[in-house]
Amino acid sequence: MSEVHAQTVAYVRDSMVEQREPPLSQSGAYKWIHENLLSSWVNVLLTIVSLWVIWVALSHVIPWAALGIWSADSLAQCREIRDEIYGAGASVACWAVISERWNQLLFGFYPPELYWRPVLAFVVFLAAIAPVLFASLPRKMLWGSVVAPFALFWLIWGGSIWMPVAVALGFVLGWAVLRFAGPAIGALGGVVLAIVVPVLYWLFLAGPLAGGLAAALPIGLEPVGSNDIGGFMLATIIGVSGIILSLPLGIVLALGRQSDLFIINKCSVIFIEVIRGVPLIVWLFTASLLLNYFLPPGTNFDLMLRVIIMVTLFSSAYIAEVVRGGLAALPKGQYEAADALGLDYWKSMRLIILPQALKISIPGIVNTFIGLFKDTTLVVFIGLLDPIGLSNAIRASTEWNGIYWELFVFIGLCFFVFCFSMGRYSLFLEKKLRREHR
Amino acid sequence: ATLDDVKARGNLNCGVSTGLTGFSAPDANGVWQGFDVAVCRAVAAAVLGDPMAVEFVPTTGQTRFTALASGEIDMLARNTTWTFSRDNDLKFEFVGVNYYDGQGFMIPKELGVSSAKELDGATVCIQTGTTTELNLADFFRVNNISYEPVPIETNAEAQQQYLAGACDVYTTDASGLAATRASFEAPGDHVILPEIISKEPLGPLVRHGDNEWGDIVRWTLNALIAAEEYGVTSANIGELASAPGNNPEINRLLGTEGELGAMIGLEADWAQKAIMANGNYGEIFEKNIGENTPIGLSRGLNAQWTDGGLMYSPPFR
Amino acid sequence: MTTMTDPPGRGFRLSQLIYDTRYRSMTIQVVAMILLMLLFSWLVSNTIHNLQNLGKDFDFGFLSQPSGYDINQRLIDYNSQSTHGRAALVGIINTVLVAFLGCALATILGVIAGVLRLSNNWLVSRLMAVYVEGFRNVPLLLWIVLIFALMTESTPAPSAFRGENPDSTMLFDVFAITNRGVYIPAIHFGTPFFDNGFFNWLLVLIVLGASIFGIQRLRHWATEKQEATGARPTTWYFILGLLVIPTAILMVLMGAFWDIPSLQGFNFGGGIHLRNSLIALWLALSLYTGAFIAEIVRGGILAVSKGQTEAAYALGLRPGTTMNLVILPQAMRVIIPPLISQFLNLTKNSSLAIAVGYMDVRSTLGGITINQTGRELEGMLLLGLFYLVLSLLISGAMNIYNASVKLKER
Amino acid sequence: MQQQATETVDRSQMQVSDEVAIQITKMNKWYGSFHVLRDIDLTVHRGERIVVAGPSGSGKSTMIRCINRLEEHQAGQIIVDGTELGSDLKNIDKIRSEVGMVFQHFNLFPHLTILENCTLAPIWVRKIPKKEAEATAMHFLEKVKIPEQANKYPGQLSGGQQQRVAIARSLCMKPRIMLFDEPTSALDPEMIKEVLDTMVSLAEEGMTMICVTHEMGFAQAVANRVIFMDAGQIVEQNEPNAFFNNPQHERTKLFLSQILGH
Amino acid sequence: MQQQATETVDRSQMQVSDEVAIQITKMNKWYGSFHVLRDIDLTVHRGERIVVAGPSGSGKSTMIRCINRLEEHQAGQIIVDGTELGSDLKNIDKIRSEVGMVFQHFNLFPHLTILENCTLAPIWVRKIPKKEAEATAMHFLEKVKIPEQANKYPGQLSGGQQQRVAIARSLCMKPRIMLFDEPTSALDPEMIKEVLDTMVSLAEEGMTMICVTHEMGFAQAVANRVIFMDAGQIVEQNEPNAFFNNPQHERTKLFLSQILGH
Ligand SMILES: Nc1ncnc2c1ncn2[C@@H]1O[C@H](COP(=O)(O)OP(=O)(O)OP(=O)(O)O)[C@@H](O)[C@H]1O
Ligand SMILES: Nc1ncnc2c1ncn2[C@@H]1O[C@H](COP(=O)(O)OP(=O)(O)OP(=O)(O)O)[C@@H](O)[C@H]1O
Ligand SMILES: [Mg+2]
Ligand SMILES: [Mg+2]
């Protein structure tokens with residue numbers, strides 16, 4: 001034992017040590033391999049197993065896919081070519097079915113000379129969605145987004161331009177009522193009137209108006225029926241319109257679920273839970289088998305439209321939960337500040353709460369969209385020709401009867417590319433939002 | 001009435017199968033082709049004068065009846081078996097039979113089975129959603145033998161399962177079996193057993209209650225059958241129509257004599273257009289499923305009554 | 001307490017219905033209620049009208065009529081002469097079965113994949129990422145179909161087991177893996193105590209349950225011992241013995257014998273047949289949901305801050321113990337709620353059984369039955385109700401669990 | 001504490017009129033069964049500057065939040081500017097647009113620019129033309145000394161700047177009364193001064209203010225009354241000098257010893 | 001700073017033995033290609049109380065985390081209590097159970113009660129009977145003055161209390177050496193004192209301690225050596241008085257002027 005300072009060597013460094021490179025064993029490929037693949041015997045084992053798995057998978061798939069035959073008229077011809085090149089019975093893909101039918105898988109039976117329309121529609125859609133997804137774009141572009149749905153409808157289904165215009169006019173009407181009559185009769189009355197007037201307009205005026213305009217000034221595109229729409233185009237249309245149309249309903253449901261008005265709250269909860277508790281496929285069957293029962297006798301519209309309605313209801317329940325999350329994430333102070341400034345419920349929702357809550361919800365909405373987009377494959381069970389339905393139809397043709405994997409692989413890949421990139425985007429957005437919140 | 005609706009709309013909504021080889025399938029250009037499709041085209045031609053004025057609505061086994069009942073389609077020309085309960089309980093009207101089918105079995109040759117009665121303990125692939133599974137259950141129960149049903153949603157899957165040996169037997173309507181076998185790499189390795197365990201008269205149907213429309217569809221089908229009987233083909237029909245011959249039945253059929261068209265509310269040359277659309281019944285058969293197609297079905301029961309088959313059109317008079 | 005905020009004397013004015021907070025909410029709710037009722041009565045009257053027009057009625061009588069179709073996979077007695085109601089019940093049991101199996105396997109797969117994805121083995125974590133992304137981004141329907149087809153293609157047909165020098169042989173001479181499913185040995189009783197097989201198995205279950213209870217006591221005892229002395233006595237052979245011996249004795253008493261599957265005619269006979277449709281659906285559902293669960297597990301583990309691991313290490317805890325005692329219990333709280341909602345999804349997704357011909361309730365009640373009887377309205381209603389009840393049960397369980405594990409905060 | 005800032009205040013300029021701005025009588029409030037506010041009686045005259053102090057949880061925030069109905073009181077009366085706060089929505093709207101409120105956490109709207117934050121309520125509630133609203137907003141932003149930030153977003157500003165914007169935002173509604181709920185307690189020390197300065201200048205202009213704060217320097221310099229609350233009731237009130245130098249009630253003494261000894 | 005608290009320390013009681021507790025020679029560490037620790041040489045004797053200071057990012061945390069292998073060093077030698085830290089897992093376990101560590105953010109296990117937090121490691125690592133472990137835990141909880149919180153969960157405690165629990169938790173393993181990584185920097189001022197007091201009493205009992213801290217009052221009162229690090233190296237070390245009053249190196253001077261001038 002000694003006194004306190006006995007060992008204290010006073011020390012001052014005279015020259016600073018410079019930054020050195022790490023020793024070789026601690027850097028470069030050696031270290032990487034050692035650390036990432038072989039750090040312990042468990043790891044070595046895992047590495048070996050993984051390599052084996054990769055080998056098994058690739059050794060089967062790569063030759064089959066890479067040696068595939070790309071040009072043939074039918075499966076039989078494909079087999080002949082294969083026998084010629086690789087010998088009988090070799091396992092190679094017959095991609096010819098894709099090269100011959102890819103346009104059907106993408107567009108269904110849409111007239112090939114009109115392919116520019118869905119393509120243009122897709123571009124317009126991307127342009128319209130861009131300002132919503134990327135906050136850095138000028139806000140003015142949002143006006144484009146507002147108009148886009150009507151343009152998209154017109155581009156895809158064609159027909160007279162006056163129909164979408166007449167319908168759009170209804171929204172303008174509603175807005176005008178809200179803007180000009182609202183102040184005179186109070187907020188609540190304004191809202192009610194802004195719903196009633198356009199609905200009356202659509203019911204009684206829009207049709208004749210569109211007809212009249214079309215007669216006076218016939219501008220239009222060649223109409224294309226819903227039956228001609230199929231493949232990924234159908235999946236996209238159902239998915240996109242499902243999500244976009246379900247947004248307003250979803251927001252209303254979310255607000256309803258947050259509301260402390262007992263009846264409204266309970267109704268929203270019941271709606272959301274019932275919709276979410278039952279599989280989509282049951283809802284789709286409902287759309288196809290039962291919807292007609294619930295509507296006035298004689299009403300009869302397009303299966304695709306019915307599916308879109310059902311999908312809209314379905315996704316609105318999911319969107320509602322996403323939006324509810326967004327609403328809950330807003331600090332209470334925002335609600336209070338809006339109240340304190342004298343904004344009423346609707347104004348504070350519209351101007352303060354929803355713009356922020358929706359922004360937070362976008363990643364969730366994108367994820368819901370991915371799920372919905374994948375789920376559109378279920379429409380095959382009610383006879384719509386989505387990619388899978390089309391693959392069945394293609395197999396039913398005498399040329400391609402008997403082909404199997406190639407169609408599924410192609411469809412799967414398309415879905416993967418689409419959903420994966422969407423998923424990455426939503427991840428990016430989530431990270432960005434989290435950064436901004438810090 | 002349906003006829004007016006169709007005329008006002010300018011096209012016929014015809015329900016077909018989402019895809020059944022030889023009967024209905026879209027080709028590379030997206031144009032529907034097949035035996036059932038031809039019936040739709042004939043009706044469209046008869047009613048609207050344009051065989052292409054058809055909107056094909058693909059239906060599944062589950063959705064077909066609702067589609068028809070709800071008015072989404074004007075007629076259903078999808079391999080649908082005419083049964084008592086469908087006609088009466090489901091309130092539809094079968095207008096005739098365009099194909100006499102029956103449920104059969106296909107089995108690999110190497111199993112050495114020659115009769116369906118030997119199938120005790122076999123695994124049987126069936127396509128669900130039709131009368132098939134009921135027939136199957138009855139057949140095995142009546143013969144007091146056991147089986148293992150493997151229900152499959154689509155023909156493509158069933159084919160794949162069968163080829164991989166996941167089931168010993170594939171059962172569906174004989175026409176489907178033939179079509180499936182035709183697509184195999186080695187069709188000769190599979191046999192279709194002689195037993196036909198059910199009657200499957202397939203025909204177009206319409207809703208109950210609109211008899212005018214039912215008559216139009218019925219007689220369009222009959223016109224196709226009669227045309228074959230009288231030797232009216234798409235090749236000679238122009239000639240026969242322009243110069244009325246000495247067979248009054250043909251003349252009435254083609255509208256050069258009598259007022260048959262007016263009686264069902266159509267043009268006088270309605271049948272002529274219907275036949276011109278795809279040819280007569282025999283031509284349609286040969287083109288889509290006949291012996292010269294990959295499917296290679298023989299006429300069998302579907303031959304004209306004059307040839308010992310069941311195709312028999314009531315007289316046009 | 002009384003509300004005194006309003007000056008007395010002034011009576012009720014109509015404008016209060018809108019401008020008075022007390023009445024306003026009432027007004028809105030009453031209006032909403034009326035609108036809702038109107039909507040409902042409109043729908044119902046439409047339905048009645050439409051049914052009338054079609055000459056149909058609303059009647060569940062079809063449930064007691066013979067179904068006329070066979071179901072291959074059934075856990076209760078059923079044949080084509082049974083009623084539609086019984087067919088629905090068979091379907092319900094099948095749905096519950098595949099949902100239960102799926103949830104179990106999906107959890108296992110998901111946990112393994114989620115943990116491996118965090119592994120410092122680059123190859124393994126990449127591989128898991130491929131698995132997760134691959135399954136998450138392709139529709140489930142495609143996976144079900146693909147896995148079904150893959151299973152039939154990659155396993156031998158029963159005929160391959162036939163002959164002198166068969167292409168395939170049975171695994172350990174008792175399991176047969178074929179493209180029709182897997183055949184495993186079954187146990188039968190030669191001298192059963194009861195005539196009804198069910199009671200025999202019930203007896204076995206009771207004995208097994210008693211053994212497990214004994215094991216619980218044993219482990220409890222071991223824990224007490226550990227608490228008292230610090231060292232945990234070795235108990236695994238006791239546990240094993242307890243688990244096996246009583247049941248084994250009972251089995252011997254009842255003359256249990258193995259029923260080993262063997263080739264009989266077209267197929268394997270005897271034993272238990274796990275059909276490919278079940279296995280494929282089960283695998284597909286599990287793999288698909290497992291991919292989502294993997295992400296949840298990964299998120300849950302990442303959510304437990306690195307500091308927790310470090311603190312545990314600094315205390316001298318081994319990685320395994322740290323995982324069990326520190327990381328997992330915390331991660332669980334984050335993981336369980338989304339996990340349950342994945343279970344819900346899996347259960348609902350099991351309705352895609354139709355794609356592989358697995359006879360779940362969607363295929364029996366919602367498929368063939370509706371198709372044969374034309375009772376869409378009644379059938380879909382029952383079907384929807386069934387799924388709804390199932391979902392509510394699962395989410396009810398979730399809420400109870402959530403409440404019980406909530407972290408105590410200041 | 002920022003006494004240096006407030007020493008320059010010329011108290012004689014701040015006039016108190018006889019007119020009653022806020023009249024609270026026997027106001028009571030419960031959260032569930034917890035009695036938060038008990039028989040609050042308070043009369044505020046136009047031009048008065050009242051500081052509310054008290055230990056945490058004593059109900060200060062709740063009281064001033066009742067004044068513009070962010071919380072509902074269950075018994076008693078609150079009359080603001082002659083309008084009684086009841087369940088009548090019109091009255092609530094009227095009072096809210098006349099009473100400005102500044103929160104501890106600013107609660108600026110992060111998705112709007114500073115200028116938009118300031119013009120939002122005038123445009124939508126007061127229906128003032130946008131041009132005019134912007135002019136007013138710029139005027140008040142100049143007053144709180146940050147006109148150059150008008151087109152930035154709240155996230156880009158420091159805490160002190162944000163709080164000044166929050167004050168400007170309230171002022172744009174031309175309120176006759178301002179409520180402050182611990183406006184400086186979420187701020188770093190350097191920023192407290194700039195916010196207090198703003199408040200002092202407001203006081204100098206004769207704004208009626210009720211301010212919950214722990215800044216005793218501010219209270220001493222600006223307030224003409226200090227109210228001390230504890231356990232949901234007003235325990236003591238007095239003019240600042242008397243309050244600080246000669247507290248009467250036991251709790252007040254204890255509280256002041258803690259606060260000032262700190 | 002809490003100098004009043006530490007003024008009472010009787011330094012003469014704190015004995016330093018000749019025995020070497022930690023011996024670090026030429027230790028180097030890289031993060032990727034970034035050279036974090038450069039040629040660290042340090043000998044700590046049993047009973048020594050060492051304070052490590054230095055600007056942010058200088059590698060203080062990294063250094064003490066290397067001592068119980070929370071980070072791996074890539075070159076040089078670390079010998080703790082005669083056991084060399086290498087890749088041998090047994091050695092690592094041995095050292096970890098002899099070296100206690102207290103983190104800036106406490107890192108208590110939120111799902112376990114305070115008592116369970118304290119008994120977890122003794123039971124599972126030292127295989128001590130539960131009863132005994134609990135008795136020890138209560139002993140140390142009393143020592144850090146919070147025995148009454150034993151059955152609460154960490155989330156229910158204040159920051160200062162949590163940090164004291166963290167110290168008690170480490171002590172329950174009866175470590176021979178304690179490492180502290182800025183134990184007070186996440187705490188509110190009132191709470192800093194209670195934690196420092198606990199550390200002082202530990203020091204008085206002769207615990208070998210290495211403590212990264214910015215509490216210079218603590219350093220002056222308790223440490224018998226202050227180490228100043230910069231850019232991953234030890235720039236200067238000395239006994240506290242000399243260190244604070246007569247810093248030699250330029251960087252040390254600069255650092256001290258910033259820290260003390262604050
Ligand atoms: N929404 C609420 N529900 C229940 N109790 C609440 C609610 N808000 C506040 N309280 C309680 O009411 C009491 C008074 O709260 P208030 O916020 O008015 O206190 P305060 O004096 O402003 O305190 P501080 O100085 O901490 O802000 C506190 O006991 C608080 O816990
Ligand atoms: N995991 C890591 N990967 C890469 N660099 C790291 C990592 N951890 C720390 N560093 C870097 O190493 C350097 C030393 O970090 P360290 O935490 O030891 O500093 P410190 O002296 O404790 O600083 P502070 O006072 O801020 O805690 C810093 O530049 C830091 O950015
Ligand atoms: Mg407060
Ligand atoms: Mg540090």
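The structure presented is a predicted model; accordingly, all values stated were derived computationally and were not measured. In what follows, every chain begins at residue 1, and chains take the letters A, B, ... in the order their sequences are listed.
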Just how far is it from atom [atom1] of [X] to atom [atom2] of [Y], taken to the nearest 0.5 Å?
X: E:His105; Y: C:Gln308; atom1: NE2; atom2: CD; result: 12.5 Å
X: E:Trp124; Y: C:Leu325; atom1: CH2; atom2: CG; result: 5.5 Å
X: E:Arg169; Y: C:Leu315; atom1: CZ; atom2: CG; result: 5.0 Å
X: C:Lys306; Y: E:Leu70; atom1: NZ; atom2: CG; result: 8.5 Å

* Any donor-acceptor pair under 3.5 Å linking the side chain of E:His111 with the backbone of C:Ile327? -> no
* Asked: Does E:Asn107 reach the main-chain N or O of C:Ala311 with its side chain, forming a donor-acceptor pair under 3.5 Å?
  ->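 Checked: no pair found.
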* How about E:Tyr31: does its OH atom have over 12 heavy atoms from other parts shown lying under 6.0 Å from it? -> yes
* Asked: In terms of heavy-atom contacts, does CE of C:Met332 have more than 12 from other residues, nucleotides or ligands at under 6.0 Å?
  -> no
* From CA spacing to verdict: side-chain contact (heavy atoms from CB on, under 4.5 Å), E:Leu89, C:Arg318 -> CA-CA 10 Å; E:Leu89 281 179; C:Arg318 306 294 304 265; 4.2 Å; yes
* Name the option with the most non-hydrogen atom pairs under 4.5 Å to chain C; the candidates are E:Asn68, E:Asp93, E:Val102. =>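 Going by pairs under 4.5 Å, I would pick E:Asp93.
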* Structure fact -> Residue from E:Leu120, E:Val99, E:Ile123 scoring the most non-hydrogen pairs under 4.5 Å with chain C is E:Leu120
* Asked: Is the shortest side-chain N to carboxylate O distance from C:Glu224 to E:Lys130 below 4.0 Å?
  -> no
* In terms of heavy-atom proximity below 4.5 Å to chain C, should E:Phe109 be classed as side chain, backbone, both, or neither? -> both
